[in-house]
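Input: a single structure, listed below in structure tokens.
Note that the structure is predicted; figures quoted are calculated from it, not measured.
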Amino acid sequence: MGRPRAFDEDEVVRAAVRLFGGRAYDGVSVDDLVTHLGVHRNSLYKTFGSKRGLYLMALRRHLADDVRPLLDALAGAADAAAVLRLVTSADLGLLLLAAVERAPVDEEVASEVTAALAAVDRAIADALGVPADLAAALTAAALGILLRGDPDKVATALAHQLGPLT
């Protein structure tokens with residue numbers, strides 16, 4: 001009979017969200033996981049199967065804990081400026097990294113990312129009463145603003161230009 005688990009799986013997955021969200025999948029080694037998460041290598045493999053298995057659990061946790069609340073908040077957005085503020089203030093680091101790093105090479109990650117982005121698009125379209133393609137453009141603009149690194153300044157400028165949408 002094996003020893004009881006000496007770690008809280010939920011805490012480990014939440015810590016993995018932060019680690020993968022800050023350094024991306026390829027920037028995190030198994031040794032990094034063992035060191036930063038406080039889980040023995042054998043326990044990591046026994047519990048999550050692989051680094052990828054832990055990554056997928058972390059991505060899904062990120063979608064549930066960070067993207068789902070954003071969707072709920074977007075439902076109450078009154079205008080494009082509010083949409084931009086909500087998206088650019090959300091913690092979407094792991095989603096963005098997954099979209100550019102893992103989705104092109106991992107079908108399961110691509111499916112999760114595609115579904116999450118489509119949900120953001122729908123939430124924006126529903127909140128603002130705009131066509132799906134315009135909502136997708138707003139999502140892309142908001143995510144691009146996050147990537148630029150100065151979301152307040154850029155989002156404010158863009159929101160000013162989008163005033164006629166509200």
* Asked: Going through the distances and angles, do Tyr25 and Val109 end up as a side chain to side chain contact (heavy atoms under 4.5 Å, CB included)?
  -> CA-CA 11 Å; Tyr25 182 84; Val109 172; over 6 Å; no
* Is the shortest heavy-atom distance from the side chain of Leu143 to the side chain of Leu117 under 4.5 Å? -> yes
* **Contact summary for Met57 and Val13, nearest pair of heavy atoms** => O-CG1, 3.7 Å
* Mind checking whether His36 and Leu33 have side chains closer than 4.5 Å, heavy atoms only? -> no
* Asked: To the nearest 0.5 Å, how far apart are CG in Leu92 and NE2 in His62?
  -> 5.5 Å
* Donor-acceptor under 3.5 Å (Thr47 side chain, Leu44 main chain) -> no
* Between Gly27 and Glu101, what is the shortest heavy-atom contact and its length? -> N-OE2, 4.5 Å
* With the 4.5 Å side-chain cut-off for hydrophobic clustering, are Leu86 and Leu147 part of the same group? -> yes
* To do: Taking all non-hydrogen atoms of both residues into account, name the closest pair between Pro104 and Ala98 and its distance.
  => CD-O, 4.4 Å
* Asked: What's the verdict on side-chain hydrogen bond (donor to acceptor under 3.5 Å, both in side chains) for Thr35 and Asp32, showing C-alpha distance, side-chain angles and the deciding distance?
  -> CA-CA 5 Å; Thr35 300; Asp32 292 331; 5.8 Å; no
* Asked: Would you call Arg102 and Leu59 a side-chain contact if the rule is heavy atoms closer than 4.5 Å?
  -> no
* Structure fact -> Closest heavy-atom pair, Ile124 versus Val130, reported as atoms and distance to 0.1 Å, is O-CG2, 4.4 Å
* With sequence neighbours excluded, give me every side-chain hydrogen bond (donor to acceptor under 3.5 Å, both in side chains) pair touching residues 50-60. => Arg52-Asp106, Arg52-Glu108, Arg60-Glu108, Arg60-Glu112
* Asked: Do you know the tightest heavy-atom contact between Arg68 and Ala64?
  -> CB-O, 3.3 Å
* **Leu71 side chain near Val120 side chain, heavy-atom distance below 4.5 Å** => yes
* Among the clusters formed by ILVMFWY side chains lying less than 4.5 Å apart, do Leu37 and Leu97 turn up in the same one? -> no
* **Distance in Å, Glu9 CD paired with Ser43 OG, rounded so as to fall on 0.5 Å steps** => 11.0 Å
* Any idea which heavy atoms bring Leu128 and Ala77 closest together, and the distance? -> CD2-O, 4.2 Å
* Asked: Does Leu56 belong to the same Ile/Leu/Val/Met/Phe/Trp/Tyr cluster as Val30, with side-chain heavy atoms less than 4.5 Å apart forming each link?
  -> yes
* Do Phe20 and Val67 sit in the same hydrophobic cluster, where Ile, Leu, Val, Met, Phe, Trp and Tyr count as joined when their side-chain heavy atoms come under 4.5 Å apart? -> yes
* Asked: To the nearest 0.5 Å, what is the distance between CG (Leu74) and CZ (Arg122)?
  -> 12.0 Å
* **Short side-chain to backbone donor-acceptor contact, Thr139 and Ala135, under 3.5 Å** => yes
* Close side-chain approach of Asp91 to Leu70, heavy-atom, < 4.5 Å -> no
